[in-house]
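Working notes, beginning with the structure itself.
By convention in this document, chain letters (A, B, ...) are assigned in the order of the sequence lines, proteins followed by strands, and residues within each chain are numbered from 1.
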Amino acid sequence: MRDFGELDCPDCAELRRVLEERTDGRLPAEGCHEVDAHLSCCSDCREYRDELLLIREELRRLPLIPLPDDVVIDVLGQTVDREPVVVRRVGSLSKAAALVLAVTIPWLAWQRSEVTAEAELTRAVSQTCYVLGTTARALRRVEHAAVEDVFQKHFGAPLNRLSSEWLERVPQTLRRPGT
Amino acid sequence: MKSLFWKSARIVSPIAILAAVVSVGVSPALAGDRDRDRHRGYVDGSEFAGLAEEDSLLVEVSLSGSLLKMVAKAVGNEVGEAADLLSDIVSIHAVVVGIEENADRARRMVGEMGDHLTGSGWDRLAQVREDDVHVMVFALPADDGAIDGLTVMVSERSEDTLVFANIAGRIDLELVAKLGSGLDIPGLEHLAGHSLKSEIKKHKKHKKHKK
């Protein structure tokens with residue numbers, strides 16, 4: 001069989017592009033005239049056409065072998081019975097979205113509750129510190145007042161008999177009024 | 001008959017599940033409140049909140065149950081002794097209120113609360129009047145000589161505030177005085193985050209600035 005790969009003539013190249021349409025009877029009448037005119041004067045293209053017709057004839061002679069049933073079913077399953085691609089994509093997207101939501105919503109809720117719990121704990125610690133601090137200060141004040149009272153009662157009079165030099169060293173709160 | 005059963009089951013079961021979920025979530029909080037209310041050392045000071053005017057300072061603290069346990073755990077990680085103290089406390093309740101407009105009413109209410117406490121078996125540990133500060137400390141003695149509750153009322157005329165604080169539970173007074181020195185429990189600054197003390201101070205400053 002001759003190799004028709006490389007062509008120098010642009011008309012030949014154009015003809016071989018449309019030759020199959022011509023032999024199939026799909027080329028408009030005007031095109032058919034042009035092709036026939038070129039074939040009448042170009043032996044290479046005629047030879048190319050003859051080769052093409054020969055191959056076609058040989059192919060037609062090949063025996064028909066029926067496809068096994070399972071192959072037919074498989075092919076039909078993958079073509080005719082197949083869901084439209086868009087629907088399938090939407091279906092898989094919705095599944096993915098549902099999965100993401102199923103994971104994200106509890107996670108967000110958990111995160112939120114964690115943050116809330118942490119904020120609540122921080123506030124509770126602050127409040128505890130405040131109440132304990134206030135109570136402690138009150139207790140200290142009471143203790144101080146009690147000590148002062150005892151001091152006044154038992155040591156007030158002797159302290160007041162101290163000389164002025166020593167009295168200066170006694171805290172103001174422990175002195176009797178007027179001393 | 002069978003279908004009627006399933007129909008009613010279908011209607012009732014979501015309600016039952018919802019009720020179960022809600023009760024599971026709410027029951028620990030309610031249990032904490034019940035424990036607190038039942039404890040003999042608990043005193044409700046929420047009536048003092050009524051002294052607050054529209055833009056007066058008002059802070060209410062109410063800690064009990066699982067939240068208090070969590071505080072004890074958090075504080076205990078920093079200061080072990082604090083955990084010892086808090087682990088025996090059932091509730092911490094306080095009201096901090098601005099009494100600019102209601103100083104006389106506040107004084108009367110403090111007096112009434114003092115009378116109520118002493119009439120209910122509380123001991124008045126001390127009452128101190130110093131300059132513009134009036135401090136009253138009450139303790140509820142337990143049968144074994146310990147203290148079951150501590151109530152402190154502090155009114156400061158210069159600050160125009162009244163603090164009512166009640167701690168219910170087994171209380172070690174020495175530990176309270178030791179731990180709470182000046183409210184700044186060492187190591188708790190970062191735990192406490194924004195401090196309630198600073199919040200109150202800010203409010204007072206804002207109030208003075210307004211005047």
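- In this structure, Ala124(A) and Leu63(B) approach most closely via the heavy-atom pair O-CD1, 3.5 Å.
- Note: Val71(B) leads Val71(B), Leu68(B), Val152(B) in heavy-atom pairs under 4.5 Å with chain A.
- Remark: Arg157(B) CZ is loosely packed, at most 12 non-hydrogen atoms of other residues, nucleotides or ligands lying under 6.0 Å away.
- Shown here for Ile167(B) and Leu132(A), the closest heavy-atom pair between the two residues is CD1-CD2, 3.9 Å.
- Residue with the most contacts toward chain A among Val133(B), Asn166(B), Ile89(B): Val133(B) (heavy-atom pairs, distance under 4.5 Å).
- For CD of Glu58(A), the number of neighbouring non-hydrogen atoms (other residues, nucleotides, ligands) closer than 6.0 Å is greater than 12.
- Between Val163(B) and Tyr130(A) there is a side-chain heavy-atom pair separated by less than 4.5 Å.
- Closest non-hydrogen pair, Val131(A) versus Ala94(B), comes out as CG2-CB, 3.5 Å.
- One finds the OG1 atom of Thr135(A) at 6.0 Å from the CG atom of Leu150(B) (value rounded to the nearest 0.5 Å).
- Looking at Val128(B), only its side chain comes within 4.5 Å of chain A, counting heavy atoms on both sides.
- Note that CD of Gln127(A) and NE2 of His93(B) are 12.0 Å apart. Values are rounded to the nearest 0.5 Å.
- Distance check, rounded to the nearest 0.5 Å: CE of Met153(B) to OG1 of Thr134(A) gives 14.0 Å.
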